[in-house]
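Let me begin by presenting the structure, written as structure tokens, before commenting on it.
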Amino acid sequence: MTTEYAESRDTTEGRVYNVSGGDWDDVLSDAEHDERMVINMGPQHPSTHGVLRLVLELEGETVTQLRSVIGYLHTGIEKNTEYRTWTQGVTFVTRMDYLSPLFNELGYCMAVEKLLQIEVPKRAQLIRVLLCEINRIGSHMVYIATGGMELGATTAMTLGFREREEVLHLLEFLTGLRMNHAFIRPGGVAQDLPSDGLTKINEFVKVMDERLPLYDKLFTGQPIWRNRLKGIGYLPVDACLALGVTGPVLRSAGLPWDLRKVEPYSSYDEFEFDIPTATGADCWSRYLCRVEEMHQSLRIIKQAVKRLAEPGPVMVEDKKVAWPAQLSISSDGMGNSLEHVRKIMGQSMESLIHHFKLVTEGFKVPAGQVYAPVESPRGELGFHVVSDGGTRPMRVHVREPSFVNLQSMPAMSEGGLVADVIAAVASIDPVMGGVDR
């Protein structure tokens, strides 16, 4: 009778041995038929863009199968909006893709305005465009910073975050907050730009015009960076269309699909800018597209600044929707100023009651359902919003580009090396707050 050296059992991941001494050569010879190894990359891995878990099946250094596991950051934002007023919903959606919060606010507010059938004042539209393009530059800087750091280029991280800090300083000056602004509201924006806002924006543009060429010197013309990205994470245009992939990943495959051009919103059709494309369909092409997009965003910002020289309203005239209307901030930068409170309290009892009801109950939105898409730094960010005629959304569902784009990971990575999985994830630039919502 032969003695079993190790008990074994078959699992979904292959045969598992319980080894307790014995002749190792004999034990391992039985496993020679299956040389695969299953490893977890994440969800606490510094190179998985946050809490993303990738289950990799490897043969040596080659990835034979990849599965993305998500849900570690789930916040239930879409469901939470059903329990808040239409205006309060902005404070939830802004926290989804936390690297480009203003795009979340814009898409959501456009959907609400579509249901209300109201036209946002031109100045508010321009301010929205201006803020979003500043935000786009900040988001792409994080892509370069985190992607570079994950591939070993620590200089990319220090420089990328330095530039992003310029963006956050400017956004804080314009909106009051560095992130999660809740500045874009249904009907317009919370308030007008500060008196010296345009001067600060011009200073920012000047700084970025000087610093952006540095990235071409440091990375675009650098052979190590180029060789590390070229031919990696290949995803041709037909695969992008089959998987619903949008944004720089789609444009890097040669299709100039950008909602700012093909389905213009918020007066984007009045601006002159180009849609950067490439034909490599790899990590290198995605990098080139994003760098050029930052240059195009600066072009849009310069045009917006010129057109914002003329004053005008930044919120719809309808007092049943406009909140906060002509808000003035107190000296500490928080709450209503004393003058604003005196005005409301002193006008009449009716105006005070109206203000109170507008803030606590919110306005009613006609029943119906709409879909409003915007071009976020990651692709098509769409809001499907349903109203039952009440003061709260009946349903808010988001077509989030990070979530959709992430399903291209197996197509990009299988057949490649483990080290190239990192480059592929970085090139998609997913934000897990948006994926998990």
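These numbers come from a predicted model, not from an experiment. Nothing fancy with the numbering, it's 1 onward along the sequence.
- In this structure a side-chain-to-backbone donor-acceptor pair under 3.5 Å is present from S387 to P366.
- Side-chain N or O atoms of D282 include none that pairs as donor or acceptor with a backbone N or O of Y234 at under 3.5 Å.
- In this structure, the side chain of T85 engages the main chain of Q88 through a donor-acceptor pair within 3.5 Å.
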- Task: Mind running salt bridge (charged side-chain N to carboxylate O under 4.0 Å, His left out) on D269 and K261 for me, showing each step along the way?
- Result: CA-CA 7 Å; D269 51 334; K261 284 282 191 188; over 6 Å; no
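- For E210, the side-chain contact (heavy atoms from CB on, under 4.5 Å) partners two or more places apart in sequence, or in a different chain, are K206.
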- Could you walk me through whether E293 and R251 pass salt bridge (charged side-chain N to carboxylate O under 4.0 Å, His left out), step by step? CA-CA 11 Å; E293 274 185 23; R251 293 191 284 275; 2.7 Å; yes
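- Side-chain contact between R53 and S68 is absent, with no heavy atoms from C-beta onward closer than 4.5 Å.
- Residues in residues 388-398 take part in these side chain to side chain donor-acceptor pair (under 3.5 Å) pairs, two or more places apart or across chains: E78-H397.
- When the shell of 6.0 Å around CH2 of W225 is examined, it contains more than 12 heavy atoms from other residues, nucleotides or ligands.
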- Query: Could you go step by step and tell me if V55 and L66 meet the side-chain contact (heavy atoms from CB on, under 4.5 Å) rule?
  - Reply: CA-CA 6 Å; V55 181; L66 181 147; over 6 Å; no
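- Atoms CG and SG, on L106 and C132 in that order, are 4.5 Å from each other to the nearest 0.5 Å.
- Formation of a donor-acceptor pair under 3.5 Å by the R437 side chain with backbone atoms of G434 is found in this model.
- Within the structure, side chain to side chain donor-acceptor pair (under 3.5 Å) pairs that include any residue of residues 126-136 comprise E113-R128, E133-R136, E133-R260, E133-Y268, E133-S297 (at least two apart or interchain).
- The shortest distance between side-chain heavy atoms of W86 and L115 falls below 4.5 Å.
- Side-chain atoms of T158 come within 3.5 Å of backbone atoms of T155 as a donor-acceptor pair (strictly under, hydrogens ignored).
- Here the side chains of L259 and T246 are not in contact, with every heavy-atom distance at 4.5 Å or above.
- Taking T64 as the reference, E57 meet the side-chain hydrogen bond (donor to acceptor under 3.5 Å, both in side chains) condition, with sequence neighbours excluded.
- No side-chain heavy atom of N180 sits under 4.5 Å from any side-chain heavy atom of F92.
- Residue-environment remark: OH (Y371) exceeds the threshold of 12 foreign heavy atoms within 6.0 Å.
- P373 has its side chain within reach of E263: a pair of non-hydrogen atoms, C-beta onward, lies under 4.5 Å apart.
- Under the 3.5 Å distance criterion, the side-chain polar atoms of Y98 are left unmatched by any main-chain donor or acceptor of V431.
- Here the CZ atom belonging to R290 is positioned 9.5 Å from the CD1 atom belonging to I144, to the nearest 0.5 angstrom.
- Note on residues 400-423: pairs passing side chain to side chain donor-acceptor pair (under 3.5 Å), not counting sequence neighbours, are R228-D420.
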- Can you list the steps and then say if V398 with V93 is a side-chain contact (heavy atoms from CB on, under 4.5 Å)? CA-CA 9 Å; V398 186; V93 297; 5.5 Å; no
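- Residues V112 and F383 have side chains not in contact (no heavy-atom distance under 4.5 Å, counting atoms from C-beta outward).
- Salt bridge status for D192 with R123: present, with a side-chain N to carboxylate O gap under 4.0 Å.
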- Task: Go through V396 and V386 one step at a time and tell me if the side-chain contact (heavy atoms from CB on, under 4.5 Å) criterion holds.
- Result: CA-CA 6 Å; V396 174; V386 184; over 6 Å; no
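- Annotation: K122, atom NZ; neighbour count of heavy atoms from other residues, nucleotides and ligands within 6.0 Å is above 12.
- For E105 (side chain) and T94 (main-chain N/O), no donor-acceptor pair under 3.5 Å exists by modelled atom type.
- Atom CG of L214 is surrounded by more than 12 heavy atoms from other residues, nucleotides or ligands within 6.0 Å.
- Atom CE of M394 has 12 or fewer heavy atoms from other residues, nucleotides or ligands within 6.0 Å.
- Side-chain contact between H384 and R399 is absent, with no heavy atoms from C-beta onward closer than 4.5 Å.
- Taking E119 as the reference, Q125 meet the side-chain contact (heavy atoms from CB on, under 4.5 Å) condition, with sequence neighbours excluded.
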- Message: Pair F204, V167 - check side-chain contact (heavy atoms from CB on, under 4.5 Å), show working.
- Response: CA-CA 8 Å; F204 166 79; V167 169; 3.7 Å; yes
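- Within the 3.5 Å criterion, the main-chain N or O of T91 finds a donor-acceptor partner in the side chain of R95.
- Remark: side-chain polar atoms of W257 are not paired, donor with acceptor, to backbone N or O of V262 under 3.5 angstrom.
- Under a 3.5 Å cut-off, the side chain of S139 and the backbone N or O of P377 do not form any donor-acceptor pair.
- Ring planes of Y143 and Y287: tilted class, angle from 30 to 60°.
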